[in-house]
Amino acid sequence: MGLYYMRVMGILPFVSTEQYLDPAWQAPEAFPTTKLADPELIDWNRIGQLLLGFFHFYTQHWNHEEHVVCLRLHCRVTKAMKGWQAAPIAVEDPIEPHLNTCRAISYKKWDKIQHTMTDAITLFQQGQVIFQRQQTT
C-alpha cells in the first residue's frame, strides 16, 4: 500500500512486474536504488509528510469499496474486475495477481485500521510526538 501511494503521488515511477523480473531490465536513473542514508541525514520532516499523506490517502481519498491496490498495472483496477467485492480492502499480489494479499482482513479489522490512521492524523495535526528517535550511545 505504501508503494502504491508513492506511485500515485509521483514519488516512485511505474515499473511493471514483467519488466522488473526480466534479467535484462535496468533501473532508470530516477529509480531509487540506493540504501538508506545515514540516520543523521534523513529528512524526518519529509518522512512525516509522507506518513501523514499515506494516512490521508487511505482514510479520505481511497475508495476501498471499489478499487484494488495494484502495482502491476498502470491503470485503475476495480474489485469487480477481480471478483473481490466481498473484501473490505483489496491489494493485488504483483507476482500472483489472482491473490488478494488482504483477503484475511475483516470489515471489523479494516474499520479499526482506518480509525487508527484517523487518530494518527489528529495527533499529527495537534503536533504531538508519535514516534521518538532513540539516542544511540
Side-chain angles (χ1 to χ4, degrees):
M1 289 173 64
L3 292 174
Y4 182 81
Y5 165 71
M6 290 191 289
R7 195 182 87 204
V8 167
M9 298 309 294
I11 297 165
L12 292 177
F14 171 75
V15 177
S16 73
T17 51
E18 289 80 17
Q19 248 184 321
Y20 188 70
L21 295 174
D22 180 355
W25 180 75
Q26 295 292 318
E29 282 188 40
F31 198 76
T33 57
T34 59
K35 294 181 181 178
L36 279 177
D38 178 341
E40 296 301 318
L41 302 176
I42 293 174
D43 184 350
W44 293 104
N45 287 328
R46 181 68 178 139
I47 300 292
Q49 290 171 351
L50 287 171
L51 185 59
L52 184 58
F54 174 88
F55 292 155
H56 271 287
F57 181 75
Y58 284 108
T59 60
Q60 298 173 19
H61 302 289
W62 177 252
N63 184 347
H64 66 90
E65 291 294 329
E66 291 184 26
H67 298 119
V68 174
V69 173
C70 176
L71 294 172
R72 186 177 58 88
L73 302 172
H74 198 49
C75 63
R76 188 157 291 191
V77 177
T78 66
K79 287 182 177 182
M81 291 165 66
K82 304 290 286 181
W84 294 345
Q85 294 92 328
I89 178 80
V91 178
E92 180 191 81
D93 183 320
I95 306 301
E96 297 185 62
H98 63 281
L99 292 178
N100 174 5
T101 62
C102 292
R103 64 191 173 276
I105 296 178
S106 65
Y107 276 94
K108 184 176 179 180
K109 287 178 185 176
W110 178 240
D111 284 342
K112 184 172 181 166
I113 291 167
Q114 286 191 304
H115 285 292
T116 301
M117 288 192 286
T118 301
D119 290 346
I121 291 169
T122 302
L123 292 174
F124 265 109
Q125 290 171 338
Q126 293 172 351
Q128 295 189 27
V129 175
I130 298 174
F131 304 105
Q132 289 224 305
R133 281 184 50 203
Q134 293 182 349
Q135 297 295 322
T136 56
T137 55

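Checked against side-chain contact (heavy atoms from CB on, under 4.5 Å), R76 has the following partners two or more places apart in sequence or in another chain: H67. Applying the side-chain contact (heavy atoms from CB on, under 4.5 Å) criterion to K112, with sequence neighbours excluded, gives T116. Applying the ring pair (Phe, Tyr, Trp, His ring centres under 6.0 Å) rule to Y58 yields the partners F54, W62; only residues at least two apart in sequence or on another chain are considered. Looking at residues two or more places apart in sequence or on another chain, you find a side-chain contact (heavy atoms from CB on, under 4.5 Å) between T122 and Q126. Partners of Y107 under the ring pair (Phe, Tyr, Trp, His ring centres under 6.0 Å) rule, at least two apart in sequence or in another chain, do not exist in this structure.
Interatomic distance, CE of M6 versus CD1 of I11, reported as 6.5 Å (0.5 Å rounding). With rounding to the nearest 0.5 Å, the separation of CZ in R103 from CD1 in I105 is 10.5 Å. Distance check: M81 CE to C75 SG gives 5.5 Å after rounding to the nearest 0.5 Å. Rounding to the nearest 0.5 Å places CG of N45 at 12.0 Å from CG of L52.
Grouping the Ile, Leu, Val, Met, Phe, Trp and Tyr side chains by contacts below 4.5 angstrom, directly or via other members, places M117 with V8. Placement of L50 and I113 within a single hydrophobic cluster is found when ILVMFWY residues are connected by side-chain heavy-atom separations under 4.5 Å, directly or transitively. Neither L99 nor W84 shares a network with the other; the hydrophobic side chains, linked directly or stepwise wherever heavy atoms of I, L, V, M, F, W or Y lie under 4.5 Å apart, form separate groups for each. Side-chain heavy atoms closer than 4.5 Å link hydrophobic residues (I, L, V, M, F, W, Y) into clusters, and following such links, even through other members, never connects V68 to L3. Under a hydrophobic-cluster definition in which Ile, Leu, Val, Met, Phe, Trp and Tyr are linked whenever side-chain heavy atoms come within less than 4.5 Å, directly or via other members, L73 and M9 are assigned to different clusters.
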Can you list, pair by pair, the side-chain donor-acceptor contacts under 3.5 Å of residues 89-98, counting residues two or more places apart and other chains?
residue	atom	partner	partner atom	Å
E92	OE1	R72	NE	2.9
E92	OE2	R72	NH2	3.1
E92	OE2	K82	NZ	2.7
D93	OD1	I95	N	2.8
D93	OD1	E96	N	3.0

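Shortest non-hydrogen contact noted between V69 and Y4 is CG1-CB, 3.4 Å. The minimum heavy-atom distance linking Q85 with K79 is given by the pair OE1-O, 3.8 Å.
Residue-environment remark: NE2 (H74) stays at or below the threshold of 12 foreign heavy atoms within 6.0 Å.
Contact of the I121 side chain with the F124 side chain is not registered, since no non-hydrogen atoms from C-beta on lie closer than 4.5 Å.
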